[in-house]
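Residue numbers start at 1 and run along the sequence shown. The shown structure was predicted, so the numbers you read here are calculated from the model rather than taken from an experiment.
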Amino acid sequence: QAACGAWPCNCGDTVTASITMTTNLSNCVGNGLNVVADDITIDCDGYNLTGDGSGTDYGINMTSRNNVTIVNCNISDFGNAVLFSNTSNSFVRNSTINSSGNQNIWMEDDSSYNTVDNNVFLVGASYTFWIDNSSYNNITNNQMTTADPNFIYTRVGAHNNYVYNNVMVSGIITLDGAGNNTIYLNNITGNSQFGIVIGTTSSNNNITGNEIINTGSIAAIRVQSSNNTFDSNVLNNNTYNILSFMGPYVGNVFQHNIISYGTTGIADANGDDYSIFYNNTFVNISGNSIYVGGDNVNITNNTFFNLSGIGISVSNGENSSISGNNISGCGTAGIKLYQPSIFSVITNNYVSGCISGELSSAIYIDGAINTTINQNTLLNSINGIYFHDSTDQNITNNYFQNLTSYAILTYNGYADRVRIINNTFTSVNKTNIMGERWYFINNTFSNGYGGILFDNGHNSTVNGNVFNNFTISDVDG
């Protein structure tokens, strides 16, 4: 290795001052250039820096450096294209990079405040970026075309990095043991597995404004940690759009996302607690748009269109709040509680068009205890509310209209201690009750076919109800 302060340099030289290439530097065995000075620029001026396609060498090695700029380079056929090791305030920009081995950009050993921007990364490396124990780096406006490697893989100690406006074909962004990172306005298409993975012990990350389209059989975004925020992402035509995996986790927030097509919108099968789902939009989801199991879940002001599956499914949790949601067009149910769900509150929701089968219902309650269903509007569905093996239900101040089968139905199971108070039923068929201690108090029924049918029930109370313009008997059973 020789010191090089002006071009031409040879393979393996140590760069001591700013240089501008005027010829290619080709077929390097070992490192291409080693930077040993601060405050310098390597300007390749469009020329090529190439290795021999073997080994674990580096195209440009920056170790313990500050304020180095690498610009206008074509770097290829090294084990790793550019190394940042304990290097800060440095830049790689306006370059085309194609490593033949491990990493295109490798950041390690507390490399911080570096910027990698406006580069093109081609097929070759296993990882486009490998960021290990390095923070406050900026990865912006890069383009990657490749076949399913990790675009960015962050490891333990990679915090407060900013990944912005990158375009990836078949790339994955993975945070593993990394916190307080921002993944913002990236475009990811055509990956066969994932778009973004929030791995274990990766908290307080902000995943915002990304577009992920046509990922394969697993998920656009996979979540394996707590206390992350997913905001204003556009997810389209992914099998699972967002999947919480191998939890339970706590305190993840999903808000302002637009999710269309695919089997599932946002799925948590692991009992995540204190999750928030706010102001998301779901369109043409064939399975569950929101599926969550856990305690103290808040599902508020979401919008659902043209679903062939279920809008909101909550299971195995306590103290869930489902409010202010708008569901227009659904399959089995607009809102469904699975057993055991305890102390859930369903209020101020609008549900219409659940028409896929005999038991399709705007609200479907299965094995729930102490549910409050209040001030909802349930329209244009086969059934309004379906109960199965549920107790202590409170149905108050709801509006039911244009339900073709039953306004309230129990079928193939009982519901006990159900209080139906101050509801309005318009142009609906009858309520079919199987269970004990039902209370129909101060409800209004009008323009329907039948009123209240008790089928094998006992010790119920009907008091203060108003029936107008019915075609058969109002109270039967």
Please check if any side-chain donor atom of T200 sits under 3.5 Å from a side-chain acceptor atom of Q224, or the reverse. no
On a heavy-atom basis, which atom in P340 and which in N316 lie closest, and how many Å separate them? CD-OD1, 2.8 Å
Short side-chain donor-acceptor distance under 3.5 Å, N161 and N137: yes
Nearest-0.5 Å distance that lies between atom CG in N72 and atom OG1 in T41: 10.5 Å
Treating N210 as the side-chain partner and F230 as the backbone partner, does any N or O pair qualify as donor plus acceptor under 3.5 Å? no
Distance only, no hydrogens: is a donor on one side chain within 3.5 Å (strictly under) of an acceptor on the other, for S313 and N288? yes
Parallel under 30°, tilted from 30 to 60°, perpendicular over 60°: which one fits the rings of Y364 and Y386? tilted
Apply the side-chain contact (heavy atoms from CB on, under 4.5 Å) test between N228 and each candidate in N205, I207, L175, I183; give the one that qualifies. N205
Is the Y127 ring parallel, tilted or perpendicular to the W130 ring (thresholds 30°, 60°)? perpendicular
Among L337, N325, V297, V351, whose side-chain contact (heavy atoms from CB on, under 4.5 Å) with I312 holds? N325
Spatial distance of atom OH (Y153) from atom CG (D132) [nearest 0.5 Å]: 9.5 Å
To the nearest 0.5 Å, how far apart are CD1 in I327 and CG in N376? 9.5 Å
Donor-acceptor side-chain pairing of S112 and S135 below 3.5 angstrom: no
Does a side chain donor of either N257 or N233 reach within less than 3.5 Å of an acceptor in the other side chain? yes
Report all side-chain donor-acceptor pairs from residues 47-54 shorter than 3.5 Å, counting only partners two or more places apart or in another chain.
| from | atom 1 | to | atom 2 | distance (Å) |
| --- | --- | --- | --- | --- |
| Y47 | OH | T22 | O | 3.1 |
| N48 | OD1 | N74 | ND2 | 3.2 |
| T50 | OG1 | N27 | N | 3.2 |
| D52 | OD1 | S54 | N | 3.2 |
| D52 | OD1 | S54 | OG | 3.1 |
| D52 | OD2 | S54 | OG | 3.2 |

For residues D57 and N31, is any side-chain donor paired with an opposing acceptor at under 3.5 Å? no
Report the residues that fulfil salt bridge (charged side-chain N to carboxylate O under 4.0 Å, His left out) with D38, sequence neighbours left out, ordered by chain and then residue number. R65
Could you walk me through whether R93 and D117 pass the salt bridge (Lys or Arg N to Asp or Glu O under 4.0 Å) test, one step at a time? CA-CA 5 Å; R93 54 185 25 155; D117 63 349; 3.0 Å; yes
